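Reviewing the structure listed below.
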Amino acid sequence: MAASTATDFELVERFRQALDLLNPSGAKIGLAVSGGPDSIAMLLLAHEAIPGGFEVATVDHGLRPEAKDECALVLAACEQRGVSCEVLGIEVGEGNLQAQARAARYEALGDWATRRGLAAVATAHHADDQAETLLMRLNRGSGVAGLAGVRRSQPPGPGGIHILRPLLGFRRAELKKVIAGARQKVVHDPSNVDERFDRVRIRSALADCDWLDPAALAISASNVAEAYEALQAYAERLWPEMVTQTADGFLLKPGRSREMNRRLLAQVMERLGGRPRGGDVARLLLRLEAGEGGNVAGVLARIEDGRWALTREPPRRTG
């Protein structure tokens, strides 16, 4: 094994303990490494903590000319340490570029993990990411779903992939120590210092605010995520009592809990082929509560004997 790449044995041990909890069987896992400081730090920690117990994939979205050089940096870092690494080329569909890129990335990682027989794929989300996301969404007036932080372990979802996040207990500054100790080159995304982005402004505000504890904020985000899961489970239990499928859609009988009404309404809209955002669901809920119908996110709603009748929006005529 190569010489130590982490400056602090305590960080390596914490990483090993995090993986022991997330992957108790010790099965081989994959690491999603972009070349940025956080994911490269994860690679270095894994090389110390679980040598031979992981492989690496790096994704080329084909969206920026620098992408090939960034993938080459990851390949070189892995080659130096005798770690298997594969570049996954993907094509990003039209529409919301970030959402499409994310979906394509996870699908490619899922296919790779399956092909390589990997138990899960680890990503480099850390405590500061959690804190920034929470504050950013609080500032937008998000509900429980928006405020819920990512979980340390996420069962198969996009791309059929089991996601692990072993760095959620780590701070960004700690990961920088790992990089500095290894003197490892990393990729610096210029968007990370672009003040046009909400996250960059939040990050700057956090850096100048010594009375806010990002680690505590990250714990709060995880707690909200647990509450979100409990609400989702309760909504699933209520579905047979409150929702009836019809020949052309669904009938929803509203109950006493506005939150459950909103969740079930969102689920019905999704089953009808809509892709509603939180604002879409909120707008339609207000209309239905006022006794009005509406057409939101491709779903047509009306009041029918005290229940909410929901169907797909009829196709528009052309010509």
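These figures come from a predicted structure and were not determined experimentally.
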*asked:* With a 4.0 Å cut-off on N to O distance, would you call Arg172 and Asp129 a salt bridge?
replied: yes
*Sub-4.5 Å side-chain heavy-atom contact between Leu134 and Leu138*: yes
*Partner residues of Ala301 under the side chain to side chain contact (heavy atoms under 4.5 Å, CB included) criterion, sequence neighbours left out*: Leu284, Leu288, Leu310
*With a 4.5 Å limit on heavy-atom distance, are the side chains of Leu264 and Phe250 in contact?*
no
*Glu292: what forms a side chain to side chain donor-acceptor pair (under 3.5 Å) with it, not counting sequence neighbours?*
none
_Could you check whether any side-chain heavy atom of Met42 comes within less than 4.5 Å of a side-chain heavy atom of Phe15, counting everything from C-beta outward?_
yes
*Does the side chain of Trp308 come within less than 4.5 Å of Val268's, by heavy atoms?*
no
_Pairing of Asp198 and Arg140 as salt bridge, 4.0 angstrom limit_ = yes
*With rounding to the nearest 0.5 Å, note down the distance linking CG in Leu285 to CE in Met269.*
10.0 Å
*asked:* If the threshold is 4.0 Å, N to carboxylate O, is there a salt bridge linking Glu229 and Arg151?
replied: yes
*Using side chain to side chain donor-acceptor pair (under 3.5 Å) as the criterion, list what pairs up with Arg271, not counting sequence neighbours.*
none
*asked:* Assigning hydrophobic clusters by single linkage (Ile, Leu, Val, Met, Phe, Trp, Tyr; side-chain heavy-atom cutoff under 4.5 Å), is Leu11 placed with Leu21?
replied: no
*How would you list, by chain and number, every residue that makes a salt bridge (charged side-chain N to carboxylate O under 4.0 Å, His left out) with Arg256, sequence neighbours excluded?*
none
*Could you tell me whether the side chain of Val150 reaches within less than 4.5 Å of the side chain of Leu168, counting heavy atoms only?*
yes
*Calculate, to the nearest 0.5 Å, the distance between atoms CG and CD belonging to Leu231 and Glu259 respectively.*
5.5 Å
*Verify the neighbour count for atom CD of Glu13: are there more than 12 heavy atoms of other residues, nucleotides or ligands below 6.0 Å?*
yes
*Find the distance between OG (Ser34) and CG (Leu73) and round it off to the nearest 0.5 Å.*
10.0 Å
*Looking only at non-hydrogen atoms, find the nearest pair between Leu206 and Ala131 and report the distance.*
CD1-CB, 4.4 Å
*Hey, could you give me each pair passing salt bridge (Lys or Arg N to Asp or Glu O under 4.0 Å) that has a residue in residues 27-36? Not counting sequence neighbours.*
Lys28-Glu55
_Minimal non-hydrogen separation, Ala218 against Ala127, with atom names_ = CB-O, 3.6 Å
_Rounded at 0.5 Å granularity, tell me how far OG1 in Thr244 sits from CG in Leu251._
6.0 Å
_With sequence neighbours excluded, residues passing salt bridge (charged side-chain N to carboxylate O under 4.0 Å, His left out) with Glu289_ = Arg258
*Using side chain to side chain donor-acceptor pair (under 3.5 Å) as the criterion, list what pairs up with Asp38, not counting sequence neighbours.*
His126
_Which residues share a side chain to side chain donor-acceptor pair (under 3.5 Å) with Thr133, sequence neighbours left out_ = Arg199
*With a 4.0 Å cut-off, would you call Arg14 and Glu174 a salt bridge?*
yes
*Determine the minimum heavy-atom distance between Asn261 and Gly255, stating which atoms define it.*
OD1-N, 2.8 Å
*asked:* Among residues at least two apart in sequence or on other chains, which ones pass salt bridge (charged side-chain N to carboxylate O under 4.0 Å, His left out) with Arg287?
replied: none
*Do the non-hydrogen side-chain atoms of Leu88 and Arg105 ever get within less than 4.5 Å of each other?*
no
*asked:* Do Leu164 and Val121 have side chains that approach each other closer than 4.5 Å (heavy atoms only, starting at C-beta)?
replied: no
_Treating Arg137 as the side-chain partner and Gly146 as the backbone partner, does any N or O pair qualify as donor plus acceptor under 3.5 Å?_
yes
*Any donor and acceptor pair, going by atom type alone, linking the side chain of Arg312 with main-chain N or O of Leu272 inside 3.5 Å?*
yes
Pairs of donor and acceptor atoms involving the side chains of residues 180-187, under 3.5 Å and at least two apart or interchain, shall be tabulated with distances.
from, atom 1, to, atom 2, distance (Å)
Gln184, OE1, Arg81, NH1, 3.4
Gln184, OE1, Arg81, NH2, 3.3

*Report yes if the side chains of Ser153 and His162 come closer than 4.5 Å at any heavy-atom pair, otherwise no.*
yes
*Which residues, ordered by chain and number, are linked to Val87 in its hydrophobic cluster, where ILVMFWY side chains connect at heavy-atom gaps below 4.5 Å, directly or through other members?*
Leu75
*Closest approach of Thr58 and Cys85, non-hydrogen atoms and distance?*
CG2-SG, 4.4 Å
*salt bridge (charged side-chain N to carboxylate O under 4.0 Å, His left out) against Glu86, all qualifying residues, sequence neighbours excluded*: Arg115
